[in-house]
Amino acid sequence: MTENDFVLTGKLALPMLGKVCWKAPSNIALVKYWGKKENQIPANPSISFTLDACATTTSITYTRLENSAADFQFELYFEGKLKEDFKPKIHTFFKRTERFLPFLKNYEFTIETSNSFPHSSGIASSASGMAALALCLMSIEKKIRPDIKDDFFYKKASFLARLGSGSACRSIEGDLIQWGSSPHIPNSSDLFGIHYPFEVHGNFRNFHDTILLVHKGQKTVSSTVGHDLMHEHPFAKERFSQAHKNLDKLKSIFASGDLNSFMEIVESEALTLHAMMMTSLPYFILMKPNTLEIINRIWAFRDATKTPMCFTLDAGANVHVLYPESAKEKAIQFIQDELVAYCENGHYICDRIGKGAKQLSTAIG
Ligand code: PMV
């Protein structure tokens, strides 16, 4: 498929008004996306678990304008309050997606959005937020073109979400989503996420992700800046090829259920992501002392008890502790006994692998 397949063409019968609503989850990458080309085209393929509890719920009320407007017409409410400072991001998203959604300037939109997790928890809402927004816009497209098939609906939602925030394209469906062209993964694409097409052992079916909130403040360097720094990065070429290799290695690991090899790749990917940050120019560190304390405790616990439990990191200080269903009791006990002390105000979120976004019903539309 090419970008052109996502352009909505022909004469459009635009409904007068309606409301659509979606809840989209966050995701946690196992092989990380870090570095991109123009238009959120990833420098390497990535793969993630779709999460369940950490999610954004967004509704869009749309009212048709008499004439197409010169600029996008919308109001944005975040957790019930008008939020002017979120508008530029949405405006940019509309600009990037207008070619594919030519009806955007024919409507006045009221966007209402909220997160299941606290705003300043250090959990990025861009993946779940952009995914929920893209799905709402696809539901409007479906009102205009009722004959579009589910497969196209989800592919285009992922494609649009990607234009908002790269990793958001992995937050549409569940439970294991791969994004980025790979010669060894059929139908893989730089344009949207796909269901991981190979065999996945039962060990990975009900994985848990307990998110330890180490630092809830704003991070010092944004992902956008971090991605950009990969352009002149001395290790970029090697890193991108490593991501391909790790993705390839996961194929037999997922098939056999080999948790030790899985944990090795996941932890190496997390540390490599942060190593890229520490070795770019300018260099920066997003981990905090407690991030390292937690990592060391996990390693010691794993050595001592052989419990299959590992960590991964996003572009931030929080630690995602990953473990299979079979390790649940031991893992929770250990987290409560030894790791919670390193979390800001003792806060953590129990999440798990999820099935993807859900449409919610609305009173109108
Ligand atoms: O989607 P962005 O541009 O916010 O980038 C996110 C990148 C990481 O979360 C660090 C890794 C990933 O693959 O999700």
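As the structure is a prediction and not an experimental result, all values here were calculated from the model. Just so you know, these numbers use all the heavy atoms, side chains as well, and skip hydrogens, waters and symmetry mates. In each ligand, atom 1 is the first atom listed, and ligand 1 is the first ligand listed.
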Determine, stepwise, if the pair Leu12 / Arg145 fulfils side chain to side chain contact (heavy atoms under 4.5 Å, CB included). CA-CA 8 Å; Leu12 309 177; Arg145 283 282 158 80; 3.5 Å; yes
Start with the C-alpha distance between Lys251 and Glu199, add both sets of side-chain angles, then the distance that settles salt bridge (charged side-chain N to carboxylate O under 4.0 Å, His left out), and finish with yes or no. CA-CA 8 Å; Lys251 185 176 175 187; Glu199 189 189 347; over 6 Å; no
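- Taking 4.0 Å as the cut-off between side-chain N and carboxylate O, Glu338 and Arg297 count as a salt-bridged pair.
- Comparing Arg170, Lys32, Glu269 against atom 12 (C) of ligand 1, the shortest heavy-atom distance belongs to Arg170.
- In this structure, Glu269 pairs ionically with Arg239, as a charged nitrogen and a carboxylate oxygen lie closer than 4.0 Å.
- Checked by distance only, ligand 1 and Ser46 stay at 3.5 Å or farther apart across all their nitrogen or oxygen atoms.
- Contact annotation: Gln40 has no heavy atom less than 4.0 Å from any atom of ligand 1.
- Judged by distance alone, the side chains of Thr61 and Thr110 never bring a donor and an acceptor atom under 3.5 Å apart.
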Could you please spell out the steps behind the salt bridge (charged side-chain N to carboxylate O under 4.0 Å, His left out) verdict for Glu264 and Lys249? CA-CA 11 Å; Glu264 187 175 89; Lys249 281 190 203 162; 5.9 Å; no
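- Residue Ser223 approaches ligand 1 through these ligand atoms, each under 4.0 Å from one of its heavy atoms: 4 (O).
- The shortest N or O to N or O distance between Ser167 and ligand 1 is below 3.5 Å.
- Ranking the protein heavy atoms by distance from atom 9 (O) of ligand 1 puts Asp314 OD1, 3.3 Å first.
- Ligand 1 places these atoms under 4.0 Å from at least one heavy atom of Ala315: 10 (C).
- Below 3.5 Å of separation, one finds an N or O of His227 facing an N or O of ligand 1.
- Atoms of ligand 1 lying under 4.0 Å from at least one heavy atom of Ala29, given by number and element, are 12 (C), 13 (O), 14 (O).
- Shortest contact from atom 8 (C) of ligand 1 to any protein heavy atom: Tyr33 O, 3.9 Å.
- Remark: the Thr312 side chain and the Lys32 side chain contain an N/O donor-acceptor pair separated by less than 3.5 Å.
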